Amino acid sequence: DDMALAGATIRSSGIVNLRTRSDSRALIVGGSDDSAGLALSTPELATVTAGTLSLGHTGHTGAFSVSATPATTGIGALELLSSSLSLGSAITGLLETFLNAGKDAIVQTAGSLTVTDSIAKSAGGDATLTLRAGSDLSFSSAVGASSSSNKLSMDFTGGYSTTGTLNTSGTGTFTSNGGTIGFTGR
């Protein structure tokens, strides 16, 4: 359940998926201590060139954390996969880094997905934020998504693989700056 990518070159115009072997093992983006989980350091992630860098898998039950944000150079889009996930400030910051570079960011879970910190695009070209929950997709009170720089298209789905809802609580704001906004619940 660890990788040593330093010195390697990994290139694909398609998807490069980096994931834990054990479903319950932690995945640490920007980390360096493999004893705490699968740590993918910033220098290791810099060896990857991909149309989409996909981290995790939908059966992943371990913790998903961000210690440092990798460079977006050579990555067309970022995809985070987990069985369920809560998007706090560290993970939303990672998504914002890619969106601010004009790159798409995708989060997909087999179960629930909760957004506890707002996502704000403030730089870069047009981009798309996709949040897809297998069951419920929930935004905490006063949490939303916005762009103040070019278009941010939003595709939010609760219940894509089973029955689920999409919930926005309180006073969250969703501002696309000219992009498309789609909310789907099943």
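Quick caveat, the model's predicted, so the values are computed rather than measured.
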Rounded distance (nearest 0.5 Å) linking atom OG of Ser146 with atom CG of Asn177:
9.0 Å
Consider side chain to side chain contact (heavy atoms under 4.5 Å, CB included). Of Val115, Leu80, Thr69, which one does Leu95 pass it with?
Leu80
Quick one: closest heavy-atom pair of Val16 and Ser12, and the distance?
CG2-CB, 3.8 Å
Flag yes if Leu45 and Ile15 sit in one hydrophobic cluster, no otherwise; membership is Ile, Leu, Val, Met, Phe, Trp, Tyr, and two members link when side-chain heavy atoms are under 4.5 Å apart.
no
As an exercise, state the distance from OG1 of Thr61 to CG of Asp23, rounded to the nearest 0.5 Å.
5.5 Å
Rounded to the nearest 0.5 Å, how far apart are CG of Leu53 and CG of Asn17?
8.5 Å
If you look at every heavy atom in Gly158 and Leu137, which pair is closest and at what distance?
CA-CB, 3.9 Å
To the nearest 0.5 angstrom, please state how far the CG atom of Leu85 sits from the CZ atom of Phe64.
6.5 Å
Distance only, no hydrogens: is a donor on one side chain within 3.5 Å (strictly under) of an acceptor on the other, for Thr47 and Glu44?
no
Could you state whether Phe183 and Leu87 fall into the same hydrophobic cluster, counting links through intermediate Ile, Leu, Val, Met, Phe, Trp or Tyr residues with side-chain heavy atoms under 4.5 angstrom apart?
yes
Heavy atoms, side chains only, cut-off 4.5 Å: are Val29 and Ser67 in contact?
no
Looking only at side-chain N and O atoms, does Asp117 offer a donor or acceptor that is under 3.5 Å from a partner on Thr92?
no
How long is the span from the NZ atom in Lys103 to the CG atom in Asp126, to the nearest 0.5 Å?
14.5 Å
Does His57 use its side chain to pair, donor to acceptor, with the backbone of Ser83 at less than 3.5 Å?
no
Indicate yes or no for a side-chain donor-acceptor contact from Asn100 to the backbone of Ser122 under 3.5 Å, with no hydrogens or angles considered.
yes
Between Asp104 and Ala127 (side chain of the first, backbone of the second, donor and acceptor by atom type, cut-off under 3.5 Å), is there such a pair?
no
May I ask whether Leu81 and Leu40 are part of the same hydrophobic cluster, defined by side-chain heavy atoms of I, L, V, M, F, W, Y residues being less than 4.5 angstrom apart, directly or through others?
no
Atom of Gln108, atom of Thr58 and distance for their closest heavy-atom approach
NE2-CG2, 4.0 Å
Is it true that Phe174 and Leu129 fall in one hydrophobic cluster, defined by side-chain heavy atoms closer than 4.5 Å?
yes
Pair Met154-Thr180, side chain to side chain contact (heavy atoms under 4.5 Å, CB included): steps then yes or no
CA-CA 6 Å; Met154 302 173 212; Thr180 301; over 6 Å; no
Minimum side-chain heavy-atom gap Leu78-Thr52 below 4.5 Å
no
Shortest non-hydrogen contact between Ser147 and Ser176, atoms and distance
CB-O, 4.1 Å
Please assess Ile10 against Thr49 for the test side chain to side chain contact (heavy atoms under 4.5 Å, CB included), listing each intermediate value before the final yes or no.
CA-CA 6 Å; Ile10 302 166; Thr49 300; over 6 Å; no
How about Asp136 and Thr165: does a side-chain donor come under 3.5 Å of a side-chain acceptor?
yes
Spell out, as yes or no, whether a donor-acceptor pair under 3.5 Å connects the side chain of Ser82 to the backbone of His60.
yes
Contact summary for Leu94 and Pro70, nearest pair of heavy atoms:
CD1-CD, 3.6 Å
Considering only heavy atoms from C-beta outward, does the side chain of Arg19 approach that of Leu55 to under 4.5 Å?
no
Roughly how far, to the nearest 0.5 Å, is the OG atom of Ser112 from the CG atom of Asn167?
11.0 Å
Mind listing the closest non-hydrogen atom pair of Thr109 and Ala133 along with its distance?
OG1-CA, 3.4 Å
So, do Leu131 and Asp155 sit near enough that their side-chain heavy atoms are less than 4.5 Å apart?
no
Give the C-alpha distance, both sets of side-chain angles, the deciding distance and a yes or no for side chain to side chain contact (heavy atoms under 4.5 Å, CB included) between Thr130 and Val107.
CA-CA 6 Å; Thr130 303; Val107 179; over 6 Å; no
Indicate if Ile75 and Leu5 have the same hydrophobic cluster label, given that clusters are the connected sets of ILVMFWY residues with side-chain heavy-atom separations under 4.5 angstrom.
yes
Test item: Lys121 side-chain N/O and Ser149 main-chain N/O as donor-acceptor pair under 3.5 Å:
yes
